[in-house]
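Written out below as structure tokens is the structure these notes cover.
Worth knowing before you read on, the calculation uses all heavy atoms, side chains too, and leaves out hydrogens, waters and symmetry mates. Chain A is the first sequence line, chain B the second, and so forth, proteins listed ahead of strands; every chain is numbered from 1.
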2 protein chains.
Amino acid sequence: MPDDSALHTDHVDEVIALLVTTNARMSQHFAARAAEFDLSPAEGKVLLALEPGRSLPMRAIARKLGYDPSNFTGVADKLEDRDLVSRHPDPDDRRVKAIVANEHGLELIEQLSKRLRAGGGPLSSLSHDQLRGLRTLLDQANTGP
Amino acid sequence: MPDDSALHTDHVDEVIALLVTTNARMSQHFAARAAEFDLSPAEGKVLLALEPGRSLPMRAIARKLGYDPSNFTGVADKLEDRDLVSRHPDPDDRRVKAIVANEHGLELIEQLSKRLRAGGGPLSSLSHDQLRGLRTLLDQANTGP
DNA sequence: TATTGTTATACTCTATAACTATA
DNA sequence: TATAGTTATAGAGTATAACAATA
């Protein structure tokens with residue numbers, strides 16, 4: 001449980017500011033790499049959320065990425081029009097539709113990931129161990145309440 | 001210097017995905033807290049970039065936050081209309097204008113920071129030491145090339 | 001009645017290009 | 001000529017509300 005010292009608040013302030021600028025840099029990097037594949041940032045993020053084998057309900061993806069379900073329909077449409085993903089109605093509840101990446105989609109995901117890893121983003125200056133540490137911290141930040 | 005092992009690429013992929021979702025959560029938290037003070041997310045971010053005593057050229061702020069200078073003018077206008085900041089032309093180069101927070105602005109920055117710290121964001125589940133570690137890592141990520 | 005996804009629409013955000021004033 | 005900031009404007013992104021299908 002987080003404590004409440006003056007040092008603590010200093011760190012929170014600083015981390016919030018750093019997250020804002022880190023996100024600005026990552027957004028630029030991400031948008032440029034996605035554009036290489038004629039993908040909007042939103043389309044790229046949705047694809048990355050579809051790890052191989054994973055299929056998620058539309059609402060779950062929208063929630064995870066912070067998009068409104070209404071505008072998420074159009075993103076799914078474009079990805080489907082490009083034959084990268086398809087909608088699969090859930091047999092148990094036919095209201096919900098899962099988005100699954102097909103072979104073309106998975107291939108493009110791999111290519112996009114490779115370009116994102118290639119450098120130029122804010123992660124370029126971190127070592128293997130630092131990335132491992134960052135992964136652990138962000139993972140805990142995301143699984144919290 | 002980052003190495004190039006298979007484990008390394010796994011971590012990069014995972015950290016990128018985590019940064020995307022962390023940012024989604026932080027953006028929602030940030031937008032909600034800023035709205036409490038009738039601030040747009042952009043206006044809030046600009047204010048947080050103006051730590052006490054610090055004054056930055058408009059272009060430097062825009063670059064840091066990833067905004068285009070053209071749309072940044074309007075953000076500065078609104079903050080100035082609300083009497084939170086003012087433009088100070090640089091005596092050495094009268095083309096550049098520094099944004100400085102006045103007394104009202106600094107007070108609002110403190111209140112906004114307090115609300116952001118109050119919890120509900122993705123940082124709530126991290127301990128003091130973890131925040132310190134995250135700060136170090138993000139700091140290095142941002143000062144890199 | 002409540003929920004998932006969809007549609008239509010309005011609103012906000014962001015980028016492009018042309019302009020000014022300084023250098 | 002080049003750069004910081006501004007303006008006008010078009011385009012992309014986002015949210016709101018009403019609707020259909022399913023639960």
| Is a donor-acceptor contact shorter than 3.5 angstrom present between the side chain of Arg87(A) and the base of dG5(C)? | no
| message | Taking Ala141(B)'s backbone N and O only, do any of them form a donor-acceptor pair with Arg25(A)'s side chain (distance below 3.5 Å, no angle check)? | response | yes
| said: Using modelled atom types and a 3.5 Å cut-off, is there a donor and acceptor pairing between side-chain atoms of Gln140(B) and backbone atoms of Ser125(A)? | reply: yes
Between [X] ([atom1]) and [N] ([atom2]), how many Å, whole number?
X	N	atom1	atom2	answer
Tyr67(A)	dT12(C)	OH	P	20 Å
Asp38(A)	dA12(D)	CG	P	13 Å
Asp77(A)	dA12(D)	CG	P	16 Å
Asn71(A)	dG5(C)	CG	C1'	13 Å
Asp68(B)	dG13(D)	CG	P	16 Å
Asp90(A)	dT3(C)	CG	C1'	14 Å
Glu80(A)	dG5(C)	CD	C1'	13 Å
Leu65(A)	dT14(D)	CG	P	11 Å

| If you find the nucleotide of DNA chain C closest to Ser70(A) and the one closest to Asp93(A), which residue's nucleotide is nearer the 5' end? | Asp93(A)
| task | Measure from the side chain of Lys97(B), starting at C-beta and using heavy atoms only, and say which of dG5(D), dT22(D), dT6(C) lies closest. | result | dG5(D)
| query | Of the candidate nucleotides dT6(D), dG13(D), dA4(D), which contains the atom at the shortest distance from the side chain of Val96(B)? | reply | dA4(D)
| Residue mapping more 5' on DNA chain D - nearest nucleotide basis, Pro69(B) or Arg95(A) | Pro69(B)
| Same apolar cluster (I L V M F W Y, side chains within < 4.5 Å links), Leu108(B)/Ile61(B) | yes
| task | Using only side-chain N and O atoms of Arg59(A), determine if any of them is under 4.0 Å from OP1 or OP2 of dG5(C). | result | yes
| said: Between Glu14(A) and Arg117(B), is the salt bridge (Lys or Arg N to Asp or Glu O under 4.0 Å) condition met? List the steps. | reply: CA-CA 11 Å; Glu14(A) 184 72 19; Arg117(B) 268 184 257 118; over 6 Å; no
| task | Measure the CG-OG1 distance between Leu137(B) and Thr22(A) for me, rounded to the nearest 0.5 Å. | result | 10.0 Å
